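Given the structure is predicted, the values throughout are model-derived calculations rather than measurements.
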There are 2 protein chains.
Amino acid sequence: MANRRASITDLAKTLGLSPSTISRALSDHDDVSEATKARVRQLAEELHYQPNQLAAALRRGRSNTLGVLVPHITGHFFPQVVHGIATEAAKLGFNVMICQSNEDSRQEQKNIDLLMNSQVEGILVSLANTTHSFGHFEAVRQQNIPLVFFDRVVEDFSGSNVSAVMIDDYQGAYQVVTHLIEQGCTRIAHFTGPLHLNIHKNRHQGYRDALQAHGLPIDDELIMFCEMSQKGGTAAMRQLLKLPQRPDAVFSSNDLAAIGAIQAVKSARLRVPKDIAVVGFSNEMFTMLTEPMLSSVDQRCEQMGKTAVQLLQKMLKSGPNRQGPPKPIVLKPKLLVRESSQKR
Amino acid sequence: MANRRASITDLAKTLGLSPSTISRALSDHDDVSEATKARVRQLAEELHYQPNQLAAALRRGRSNTLGVLVPHITGHFFPQVVHGIATEAAKLGFNVMICQSNEDSRQEQKNIDLLMNSQVEGILVSLANTTHSFGHFEAVRQQNIPLVFFDRVVEDFSGSNVSAVMIDDYQGAYQVVTHLIEQGCTRIAHFTGPLHLNIHKNRHQGYRDALQAHGLPIDDELIMFCEMSQKGGTAAMRQLLKLPQRPDAVFSSNDLAAIGAIQAVKSARLRVPKDIAVVGFSNEMFTMLTEPMLSSVDQRCEQMGKTAVQLLQKMLKSGPNRQGPPKPIVLKPKLLVRESSQKR
DNA sequence: GTGAAAGCGCTAACAG
DNA sequence: CTGTTAGCGCTTTCAC
């Protein structure tokens, strides 16, 4: 019963015209008479004609589709970025095909192949955290398909059609610590995850440099390598509270651990921010819900998605023969000061 | 410089074989000799041959792609569902094309067209909240493209290839209220949004029926039509606390308003759950972060996505000529009792 | 202003 | 086991 859709050939036959004319009329080509266009359009309407993008794409060699590959679509960050990507892509007239690597390098590779097979015109990728070799991007580079890494990028993978969008974690951390110092804090602790991950490395460096720039010592005692979860934050804070001289502030590399810290402070009958100020990182939705509300750093997730698409389009437009690869774009993060770090 | 990809024709020429043989070899067809297959595969490997899905899809008449249309990819619910969809689709060998309606009926319509033009094999939709007419789904139905609505469904839109996946809001609400009653609560308030929205209507009805089933009166004073935000919840709670006889529990139709209620209770120097028990709805991530942790109802978002894809595949397999439309699937929600509603 | 013809890359029926 | 042929639906020269 499959009601086959009307094709250009069908329209052509019905109107006694040639397929070429129909095609031209539908794409509002200049050299088709208005009269003909009108007839064609009307019949198309009547028959609910739907152009077959597959065929058009095949013929044109352009699919009008962008490929997106993210580790997953859960949590806070990736959905937001994907939202930014989808929105911007739609605005520029691209379709979007989305794949998840599930943090698995093997799946990442398969999905890259899949996207290339699907003839996407460009690819946006955030790396799986298990990815350490980049052979699968070699093919993309060779085919000169524009490739934009975002957030989790390959630093030493360049090419005339490869670029990246990141957020300046260093800068964000630096701002946080400066802000805490301005609030009068002098013993500022830092919660961080493993430093082989870029985000932690950079945030940590921002922390150190900001302290030094303001003439404050770096006290290893105050640097906690902890699991960046609520529990991890609570545990780390408990330990800090046992120090002979406890800290007067905590900068946590994410919001979850910051919340954990706040809870530990509270249950030790101390107050945030009076006794200990706390700042997180990422501006998760729940930062507005805690008591006190948590200061944090906004990562401009949506902006990142949007920027990545724009960058891709720029590469698409200029073609691969421009002067050198496009410069990576580094977004400025935004410190949001809320109750948890405002002493007065 | 665009390094054109190797095509089947290229392989054929190089090996002195016909395209058909190459095609068959690559798809591991039975009637190609192992020797030939080996040669073909090796050359394909060497040349980094990538099959052109567009061409294959056009020829086969099957694109292997599912279309997804959601209001947006933000917040908690939709990203989760999309994640479920993407994961299950990948498992079943489908690509996924994702569009956002931005809660706009007009965009919804355009995106439906887009998906159909892209020759998707099936469509998964959650309606924009501004959609009140359904003409744009008419075309989908006529073309017999399997269509699955999820969460926000069209109730009176049926067809041999149309179905739906929902969650049983009524049941969830009923469970909540029963649980509160079992905790000894007798004056249970309800925060709800406008009742023309299905989710609110059903949750509200579950509330009423559970009260009645346990012989408790329905007190209009305790039913608060409020903005379902944190602020809205706080405001509503403040009002309730002014009543001569205040409630001993609140069932909020979402988590955000529930958090607001908790904050109001706390700042009135009353205790949750001792004085007033609170339960939300949706099991947002932040329910684990509040003090006390918020009891809520899990909507099985990922499961919903997964189920929707499975349902779609079933329709795809059985074809449009089965006996009647597939039955809508109603998922059972899961009450999660946490601190905010446990009296002992 | 319109038509004829060719072909994007692949697959499937049919023939040997 | 392999090749020939035809064509999915569309666009785009090139003619008229």
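Looking only at atom types and distance, the side chain of Thr74(B) has a donor-acceptor partner in the side chain of His72(B) under 3.5 Å away. Residues Asp10(A) and Ser7(A) bring a donor and an acceptor atom of their side chains to less than 3.5 Å of each other. A donor atom on one side chain and an acceptor atom on the other are not found under 3.5 Å apart for Ser20(B) and Ser23(B).
Residues of residues 47-55 of chain A having a heavy atom closer than 4.0 Å to DNA chain D, listed by number: Tyr49(A), Pro51(A), Asn52(A), Ala55(A). If you check residues 25-40 of chain B against DNA chain D, the residues with a heavy atom closer than 4.0 Å are Asp31(B), Val32(B), Ser33(B), Thr36(B), listed by number.
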All N/O contacts under 3.5 Å from nucleotides 4-6 of chain C to the protein, with atom names and distances to one decimal?
| from | atom 1 | to | atom 2 | distance (Å) |
| --- | --- | --- | --- | --- |
| dA4(C) | N7 | Ser20(A) | OG | 3.4 |
| dA4(C) | N6 | Ser20(A) | OG | 3.1 |

Would you mind writing out the side-chain donor-acceptor pairs for residues 42-49 of chain A within the sub-3.5 Å range, not counting sequence neighbours?
| from | atom 1 | to | atom 2 | distance (Å) |
| --- | --- | --- | --- | --- |
| Gln42(A) | NE2 | Glu46(A) | OE2 | 2.9 |

Please tabulate, for the side chains in residues 112-125 of chain A, all donor-acceptor contacts under 3.5 angstrom to protein atoms that are two or more places apart in sequence or on a different chain.
| from | atom 1 | to | atom 2 | distance (Å) |
| --- | --- | --- | --- | --- |
| Ser118(A) | OG | Leu114(A) | O | 2.9 |
| Glu121(A) | OE1 | Arg62(A) | NH1 | 3.1 |
| Glu121(A) | OE2 | Arg62(A) | NH1 | 3.3 |
| Glu121(A) | OE2 | Ser63(A) | N | 3.2 |
| Glu121(A) | OE2 | Asn64(A) | N | 2.3 |

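Counting to the nearest Å, the P atom of dC1(D) and the CG atom of Leu15(B) are 18 Å from each other. The distance between atom CD1 of Ile8(B) and atom P of dG3(D), rounded to the nearest whole Å, is 13 Å. The nearest whole Å value for the distance from the CG atom in Leu11(B) to the P atom in dG9(C) is 12 Å. The distance between atom CZ of Arg62(B) and atom P of dG9(D), rounded to the nearest whole Å, is 16 Å. As a whole-Å value, the separation of Gln143(A) CD from dG9(C) P is 12 Å. For the pair Ile22(A) CD1 and dG3(C) P, the interatomic distance rounds to 8 Å; values are reported in whole Å.
Note on Leu58(B): a base of the nucleic acid sits closer than 4.0 angstrom, heavy atoms only. Residue contacts for Ser7(B): at a heavy-atom cut-off of 4.0 Å it reaches the sugar-phosphate backbone alone, with no base atom in range.
Minimum heavy-atom separation, Val96(B) to Ala89(B): CG2-CB, 3.4 Å.
Map Arg60(B) and Leu17(B) each onto its nearest nucleotide of DNA chain D; the residue landing nearer the 5' end is Leu17(B).
The pair Arg39(B)-Glu34(B) fails the salt-bridge criterion, with no side-chain N (NZ, NE, NH1 or NH2) lying under 4.0 Å from an Asp/Glu carboxylate O.
Crowding of Lys110(A) atom NZ: a count of heavy atoms from other residues, nucleotides or ligands under 6.0 Å not exceeding 12.
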Any chance you could lay out the side chain to side chain contact (heavy atoms under 4.5 Å, CB included) test for Ser163(B) and Met315(B), step after step, and finish with the verdict?
CA-CA 9 Å; Ser163(B) 193; Met315(B) 305 198 314; 4.0 Å; yes
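Residues meeting the side-chain contact (heavy atoms from CB on, under 4.5 Å) test with Gln109(A), sequence neighbours left out: Arg106(A), His136(A).
Judged by the 6.0 Å distance and 45° axis criteria, Arg141(A) is positioned over the aromatic ring of Phe157(A).
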